[in-house]
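Data block below; observations after.
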There are 2 protein chains.
Amino acid sequence: MKKTSLSDIARQLGVSKTLVSLVLNGKAKEHRISDEMSNKVKKLAKELNYKPNQIAKGLRTGRTNTIGLIIADIANPFFGKLGREIEKEAAAHGYRIVFCSSDENPDNSQKQIEMLQQGQVDGFIIAPPAGSENQILSLKRNKIPFVLIDRNFPDIDTNYIVVDNIQAAFEATDHLVKQGYSKIACVTLNVHLNNMNQRVLGYKQALIENNIPVDEELIKMMPFTHEKDDIAEAVKQLEPGNKSKVEAIFFATSKLGIMGLETLHSLGLHIPGDIAVVSFDDPDAYKISQPPVSAIAQPLQEIGRESVKVLLDMIHDRNAETKKIVLKAKFIPRKSSGF
Amino acid sequence: MKKTSLSDIARQLGVSKTLVSLVLNGKAKEHRISDEMSNKVKKLAKELNYKPNQIAKGLRTGRTNTIGLIIADIANPFFGKLGREIEKEAAAHGYRIVFCSSDENPDNSQKQIEMLQQGQVDGFIIAPPAGSENQILSLKRNKIPFVLIDRNFPDIDTNYIVVDNIQAAFEATDHLVKQGYSKIACVTLNVHLNNMNQRVLGYKQALIENNIPVDEELIKMMPFTHEKDDIAEAVKQLEPGNKSKVEAIFFATSKLGIMGLETLHSLGLHIPGDIAVVSFDDPDAYKISQPPVSAIAQPLQEIGRESVKVLLDMIHDRNAETKKIVLKAKFIPRKSSGF
DNA sequence: GCAATTTGCTAAAACGGTAAATCCAAAAAT
DNA sequence: ATTTTTGGATTTACCGTTTTAGCAAATTGC
């Protein structure tokens with residue numbers, strides 16, 4: 001049972017496939033096709049269960065109704081949830097999502113973008129890994145529609161949707177201070193991404209504003225290929241028993257936070273009694289953790305929606321001016337910071 | 001700067017595009033194209049940064065090198081991790097993934113399958129929602145390659161990759177018994193999916209084998225649209241203080257488990273002192289939970305790999321016989337069950 | 001030295017649509 | 001009576017590949 005094509009319908013009705021195409025694309029009126037013929041076509045199309053071949057359509061029109069989503073890792077709940085929101089908004093506009101996980105590796109994202117660029121997607125939503133500036137520039141140069149999410153490159157004029165990382169990190173750290181902690185450590189990624197830099201910046205600003213000296217010893221930069229052992233090592237150095245007398249830790253990502261908590265627990269430390277914890281991002285894990293973890297929740301739905309909208313704007317008008325959207329993240333104090 | 005096409009190369013070299021196509025597809029030898037010409041073509045193709053238009057290729061060959069992945073929800077870490085494994089294996093074979101979240105709703109999956117079926121994917125990997133039997137049958141009838149994951153329809157002869165749910169649930173429940181609990185409740189989904197049925201079956205079998213009567217009152221079936229409140233309600237009914245004197249709960253999914261734990265914590269219950277917990281699936285949350293949660297970890301990597309392999313087999317030979325693969329899940333005892 | 005084969009390459013069709021241009025009556029306007 | 005408009009449809013071209021069929025020149029066989 002072969003799929004029915006435009007020509008099949010046209011042949012059976014003894015008309016041209018152009019006519020059939022026009023009718024089924026709702027351009028009948030515009031092209032003065034008689035209602036009688038219109039109805040005949042529609043009826044037969046339904047009978048034969050005609051479904052247009054999107055590939056053929058794509059070849060002719062140059063549009064695929066598909067968005068390429070390049071993120072670090074779909075298995076990471078942050079990106080998973082974000083992906084879901086993007087999928088939802090895209091579907092609402094008749095778009096599909098093909099996703100690629102880059103593992104924060106620019107070589108991967110490079111290959112993935114190249115692969116999808118061969119006429120398969122109308123545009124990209126990208127969380128660009130560090131070192132992928134040239135890829136982004138190349139997209140821009142070729143006028144490929146795209147929008148960055150989660151992080152952006154300040155030196156490149158592009159669309160982007162991010163959160164105010166400085167303010168969010170500030171708020172979380174400030175909260176720790178207000179809760180009475182002053183020896184506050186920061187565990188972050190040793191990676192040149194502006195969102196990460198800004199999180200550390202917000203952390204520092206909060207300390208400074210509260211007249212607490214910034215101790216670089218207390219800022220642990222993890223290699224971005226971080227494994228559990230790395231975090232364990234870093235966290236152990238921050239153990240309150242040590243000379244540094246750390247009282248609280250600010251984790252700059254949920255992956256760091258989750259691994260860090262595992263270590264803290266395995267050390268038998270009581271949270272927040274022995275050490276308090278706050279973290280960027282708000283995975284389910286933090287809600288059921290005992291105690292629940294104070295977290296910075298990003299507005300995933302809004303990020304998802306806006307990124308799709310901005311991208312579609314760009315697709316429809318490649319010369320549209322770039323949109324730079326900075327959203328507010330929400331700090332949720334929980335028991336892990338003595339709240 | 002328009003993209004270069006086969007014709008561009010052909011024109012510049014004064015040869016036919018057939019020749020260029022043959023060379024670039026490695027069919028030069030086979031078609032007796034001279035090495036000299038071959039090299040000229042390859043060189044120019046590289047110079048012009050030629051990338052074949054996959055859409056055009058797809059139209060001609062009927063193959064898109066794209067797999068449609070239909071799951072319940074990419075934001076659910078179980079499916080996120082599984083998706084990642086599938087993506088990896090697919091990429092290794094030159095395939096891309098377009099995903100759709102069905103929310104366990106057959107109407108959604110129906111639309112999604114239809115949409116992707118318009119020539120856009122070479123095959124499907126599907127976690128079919130309850131009530132989607134007809135869709136699966138229809139795929140089968142039309143000889144569309146597909147493989148089911150996570151659950152299958154016993155009455156339909158299809159490819160599938162699942163875990164032995166009965167055995168896994170049995171093991172987890174049996175573990176609870178061995179730990180000394182006998183009043184064991186089960187929180188599951190009120191949905192006609194064989195994996196869910198089997199989990200309850202395994203739970204019951206373990207009780208029976210240990211001479212513990214099955215108390216239907218202790219089996220809570222949640223509507224599959226479950227929200228936190230539903231779970232909270234159910235869990236409250238199971239509170240050990242009640243007449244039922246429940247000592248342990250087996251959660252049939254991690255989503256149920258996570259919501260359930262939130263409620264147990266909010267009730268101020270101590271785990272496992274007041275009530276023990278085991279759960280199907282093993283999200284990060286369970287590892288950092290205090291205490292860590294005893295869990296049934298599915299072999300996600302193997303499921304991902306096998307599903308892609310089986311699908312590709314089917315794509316390459318639509319009449320290949322169906323493969324039914326049942327993998328073992330691994331029970332990981334942790335402190336939540338007094339381990 | 002002539003037929004048969006091999007070598008090296010090409011033209012054209014096809015895939016299934018969409019877009020632009022065109023055509024031809026009949027009706028309306030001049 | 002001639003021109004213009006309108007309604008209703010068609011023809012042609014094209015998107016960028018792959019595939020089928022084939023052709024001329026060079027080589028081989030005898």
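Letters A, B, ... mirror the listed sequences (proteins, then strands); counts begin at 1.
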Between A/Q112 and B/R96: side-chain donor-acceptor atoms closer than 3.5 Å:
no
The bend of the helix from C/dG1-D/dC30 to C/dT30-D/dA1, taken between the axes of its five terminal pairs at each end and rounded to 10°, is 60°
Footprint ends on DNA chain C, 5' to 3', for atoms under 4.0 angstrom from a heavy atom of chain A, come out as C/dG16 to C/dA20
inquiry  = Need one value for B/K27: base, sugar-phosphate or nothing, where a base atom within 4.0 Å counts as base even if backbone is also close, heavy atoms only.
reply    = sugar-phosphate
Heavy-atom nearest nucleotide on DNA chain C taken for A/T61 and for B/T61; more 5' hit belongs to B/T61
Q.
side chain to side chain donor-acceptor pair (under 3.5 Å) for A/N65 and A/D122? Distances and angles first, verdict last.
A. CA-CA 6 Å; A/N65 280 259; A/D122 294 342; 4.6 Å; no
Residues in residues 5-24 of chain A with a heavy atom under 4.0 Å of DNA chain C, by number, are A/S5, A/L6, A/K17, A/T18, A/S21
Give a yes or no on whether a salt bridge exists between B/K81 and B/E85, defined as a side-chain N under 4.0 angstrom from a carboxylate O.
no
Name each donor-acceptor pair under 3.5 Å that joins a side chain in residues 123-134 of chain B to protein atoms two or more places apart or in another chain, with its distance.
{"unit_1": "B/S132", "atom_1": "OG", "unit_2": "B/P129", "atom_2": "O", "d": "2.7"}
{"unit_1": "B/E133", "atom_1": "OE1", "unit_2": "B/G131", "atom_2": "N", "d": "3.4"}

Please report, to 0.1 Å, the donor-acceptor pairs under 3.5 Å made by any side chain of residues 304-314 of chain B, with sequence neighbours excluded.
{"unit_1": "B/S307", "atom_1": "OG", "unit_2": "B/I303", "atom_2": "O", "d": "3.0"}
{"unit_1": "B/S307", "atom_1": "OG", "unit_2": "B/G304", "atom_2": "O", "d": "2.8"}

Outer limits of DNA chain D sitting under 4.0 Å from a non-hydrogen atom of chain A, read 5' to 3', are D/dG7 to D/dG16
(Q) Assess whether a salt bridge exists between A/E114 and A/K111, defined as any Lys/Arg side-chain N lying under 4.0 Å from an Asp/Glu carboxylate O. (A) no
### Message
Just by distance, no angles: are the side chains of A/T322 and A/D157 close enough, under 3.5 Å, to form a donor-acceptor pair?
### Response
yes
Value for OG1 (B/T158) from NZ (B/K323), rounded to nearest 0.5 Å, stands at 12.0 Å
Just do the side chain to side chain donor-acceptor pair (under 3.5 Å) check on A/N49 and A/K51 with the steps written out, would you?
CA-CA 6 Å; A/N49 191 30; A/K51 297 280 159 53; 3.1 Å; yes
For B/R63 and B/I315, the nearest pair of non-hydrogen atoms, with its separation, is CZ-CG2, 4.1 Å
Is a donor on one side and an acceptor on the other found under 3.5 Å between the side chain of B/D317 and the backbone of B/N319? yes
For B/L19 and B/M37, the nearest pair of non-hydrogen atoms, with its separation, is CD2-CG, 3.7 Å
Between the CD atom in B/Q54 and the OG1 atom in B/T64, the distance rounded to the nearest 0.5 Å is 9.5 Å
